[in-house]
There are 2 protein chains.
Amino acid sequence: MAQTSLNEFIDVLSKANAVEDIHEICSGFCYFSEFEHFIYGARMPTSLTQPSFIYVSGYPGEWRERYLERNYLSIDPVVAHCARSSLPINWRDVAPLEKKDKVVREFMGDVRDHNLKSGISFPVHTSRGESAMFSLAASDDHKKAKARIDAASPNAVLFTAYLHEAVRKVFAKAPLSVSQIKLTAREKQCLLWAAEGKTTWETARILNISERTVIFHVQNAAEKLNVVNRQQAIARAVSTGLIAPQFN
Amino acid sequence: MAQTSLNEFIDVLSKANAVEDIHEICSGFCYFSEFEHFIYGARMPTSLTQPSFIYVSGYPGEWRERYLERNYLSIDPVVAHCARSSLPINWRDVAPLEKKDKVVREFMGDVRDHNLKSGISFPVHTSRGESAMFSLAASDDHKKAKARIDAASPNAVLFTAYLHEAVRKVFAKAPLSVSQIKLTAREKQCLLWAAEGKTTWETARILNISERTVIFHVQNAAEKLNVVNRQQAIARAVSTGLIAPQFN
DNA sequence: CGGTTACCTGTAACATCTTACAGTTACGCG
DNA sequence: CGCGTAACTGTAAGATGTTACAGGTAACCG
């Protein structure tokens, strides 16, 4: 029961209720798009029960193990791009970075040695602070892959969005939606200024309220965010987009 | 100089450096996709210097004013969907919600009265907590619009991602600084545990080093990040993806 | 009117972070 | 080997954050 159009893939994705289903659908889409390998990885920051990282992999097992063993996740420039950006990234375009950093250079060499010569990755970010990535890869070089990559991109972006939803549905038993946490204006302001490196006293001057009140708001924010202190509140509020400090 | 393919649209988007350019490109894409109206709206998270909301509108001016006047932003179920989800939404599919809520029902009626009978909206979320939406609309009903909507969706999703980047570039004075800042393994670890709400003492226990050393690493990280204290270091490291705290 | 929410304030003890001082050890690289 | 870098450690004063105590004001809404 192979799918023959994007809509069919989206349709079966929304009905998937096991990781195996999702794996098969990804496999199908990968074949449909004329690629050889795929991988989906997500960082789910929000839930009590879920694993922090989720993978659905159609990569060679050997490479997958090597990747984990060597902690490539923290080196991979494609992963770094997807963590920051919402734009698809052709692996070819991370080549410039390659030259500067020895560790990255070695990693890229290793990627090529494992016959993942060309590929493209599609990031997804959600309002819940989840960060995911779907990659399609092949063993031919960038030039030969270009047409295929161009053709697959629009479909794959849409596919990736639905894929992420499907994964979330399968893994989330009782997802805690960060987006539902509402901070009051004052709570956000106090937290924001703290994230900007201001002390309680400084924030109090800025907002023209007492130090005690600043502490009060930060505490309330921390309670709502279900964290233990100011630092963690900042981390969580930033990572879920509740506040967005500027850096000068 | 009309664009005739998705790639061309993406290309000109990445070169746009004024709102007018972006407006024209959106207009072109709208025509290209055989729709009549478009609107892009973004919520840039609480920030000190930037406006909170950004619009690029190809809607009739009359409707735009009415929308703002009546504070439809807080009623519009499509906006609500896009704030939560990463999936495109066909306006037809919010109809079920219509029946429950009187205010929403009135709004939907008003939408139709203004000749926006069918449409589809594409959300984007970023790791920085931005939330944006690009909508395409037409004056024919859902049934007639179906083929057009299906055809446009994959392209529009990709277009929307690039559109959002373009808008951000135009509005943000300091474009996303691709962080070349490298933290050492220990610096990251110490900062990460701090972001997890651990105290210096706790982190020292976890990493099996002295408290003094933890402080030392955090300080070095803060210096590299060019910030004044631990809190700001966490904010910056999280927002640039250098560390990714988990929440339990 | 009563209930709810956001917002605001003070004091005090204690915990934690920041900053200044002054070093040592291990390792890779040219 | 000399050099740079990462990693590591100690002490101590003073600044800042946390927690627990106990409240008050104003706006909105059914």
Side-chain angles (χ1 to χ4, degrees), chain A residues 70-71 74-75 100-106 180-238 242-243 245, chain B residues 46 71 74 101-103 180-237 242-243 245:
Chain A
R70 305 199 160 197
N71 197 21
S74 64
I75 295 167
K100 290 191 180 174
D101 190 323
K102 192 190 151 197
V103 182
V104 173
R105 205 160 52 229
E106 280 174 10
Q180 280 169 5
I181 295 174
K182 298 271 181 201
L183 299 185
T184 68
R186 278 309 208 202
E187 285 162 358
K188 275 192 205 174
Q189 286 163 5
C190 290
L191 211 49
L192 180 57
W193 284 114
E196 301 271 11
K198 305 298 182 194
T199 64
T200 301
W201 184 85
E202 288 171 317
T203 303
R205 288 301 96 228
I206 291 166
L207 297 178
N208 204 28
I209 54 182
S210 84
E211 289 183 62
R212 184 61 192 82
T213 306
V214 174
I215 292 169
F216 171 81
H217 288 308
V218 172
Q219 273 177 335
N220 287 344
E223 259 176 49
K224 288 186 186 174
L225 292 165
N226 194 31
V227 297
V228 302
N229 61 17
R230 190 175 287 224
Q231 297 161 26
Q232 202 181 5
I234 290 170
R236 175 153 234 188
V238 170
L242 282 167
I243 62 170
Chain B
T46 321
N71 196 22
S74 63
D101 190 324
K102 192 189 152 199
V103 183
Q180 304 295 0
I181 296 170
K182 296 273 179 194
L183 299 185
T184 69
R186 277 310 208 201
E187 284 161 359
K188 275 191 205 174
Q189 286 164 4
C190 290
L191 211 49
L192 180 57
W193 286 114
E196 300 271 12
K198 305 299 183 193
T199 65
T200 301
W201 183 86
E202 287 172 317
T203 304
R205 287 301 98 227
I206 290 166
L207 297 178
N208 205 28
I209 54 182
S210 84
E211 289 183 63
R212 183 63 191 84
T213 305
V214 174
I215 293 169
F216 171 82
H217 288 308
V218 172
Q219 273 176 335
N220 286 343
E223 259 176 49
K224 287 186 186 175
L225 292 165
N226 194 31
V227 297
V228 302
N229 61 18
R230 190 176 288 227
Q231 297 163 25
Q232 202 181 4
I234 290 169
R236 172 151 237 187
L242 282 165
I243 60 172

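First the proteins, then the strands, lettered A, B, ... as listed; each starts at 1. For the numbers below, each heavy atom of this structure counts, side chains included, while hydrogens, waters and symmetry mates do not.
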Do A:Thr213 and A:Leu207 have side chains that approach each other closer than 4.5 Å (heavy atoms only, starting at C-beta)?
no

Any base atoms under 4.0 Å from B:Asn220, or only sugar-phosphate, or nothing? Heavy atoms, all strands.
nothing

Please tell me which of the listed nucleotides, C:dC8, D:dG17, D:dT9, lies nearest to the side chain of A:Arg186?
C:dC8

Quick check: closest heavy atoms across B:Gly197 and A:Val228, and the distance to 0.1 Å?
O-CG2, 3.5 Å

DNA chain D nearest-nucleotide lookup for A:Glu211 and B:Thr213: closer to the 5′ end is B:Thr213

Of all the choices, C:dT9, C:dT16, D:dA7, which nucleotide is nearest to the side chain of B:His217 once you look at every atom?
D:dA7

Rounded distance in Å - NZ (A:Lys224) to C1' (C:dA6)
9 Å

Grab the CD1-C1' distance between B:Ile209 and C:dT25 for me, whole Å please.
15 Å

Atom-pair distance (CD on B:Gln232; P on D:dG17), nearest Å
13 Å

Rounded to whole angstroms, how far apart are NZ on B:Lys198 and C1' on C:dA15?
17 Å

Just the rounded figure in Å: distance from P of D:dT5 to CD of B:Glu187.
13 Å

Which part of the nucleic acid does B:Thr200 contact within heavy-atom distance under 4.0 Å: base, sugar-phosphate only, or nothing?
sugar-phosphate

Taking only the side-chain nitrogens and oxygens of B:Thr184, find out if one of them lies under 4.0 Å from OP1 or OP2 of D:dA7.
yes

Comparing nearest nucleotides in DNA chain C, the 5'-proximal residue of the pair A:Asn208, B:Val218 is A:Asn208

Touch check for A:Glu202, heavy atoms < 4.0 angstrom, all strands: base, sugar-phosphate only, or nothing?
nothing

Rounded to whole angstroms, how far apart are CD on A:Glu223 and P on C:dA6?
13 Å

Taking A:Gln232 for the side chain and B:Glu196 for the main chain, is one N or O donor matched with an acceptor at less than 3.5 Å?
yes

Taking C-beta and beyond as the side chain, do B:Glu187 and B:Leu225 meet within less than 4.5 Å on heavy atoms?
no

Using a 4.0 Å heavy-atom cut-off, does B:Arg212 contact any base of the nucleic acid, only the sugar-phosphate backbone, or nothing at all?
base

Using atom CD1 of A:Ile215 as one end and atom P of C:dT9 as the other, report the distance to the nearest whole Å.
12 Å

Could you check how far CG of B:Leu207 sits from P of D:dA6, rounded to whole Å?
17 Å

OP1 or OP2 of D:dA15 versus the side-chain N and O atoms of A:Thr199: is any pair under 4.0 Å?
no

Compare the minimum distances between each of C:dT19, C:dC8, D:dA6 and the side chain of B:Gln219, then state the nucleotide with the smallest one.
C:dT19

Given side chains that start at C-beta, do those of B:Arg230 and B:Thr200 come closer than 4.5 Å, heavy atoms only?
yes

Are the side chains of A:Ile209 and A:Arg186 in touch, meaning some heavy atoms are under 4.5 Å apart?
yes

Of the listed C:dT9, C:dC17, D:dT18, the closest approach to the A:Phe216 side chain comes from C:dT9

Any side-chain N or O of B:Gln231 below 4.0 angstrom from OP1/OP2 of D:dG17?
yes

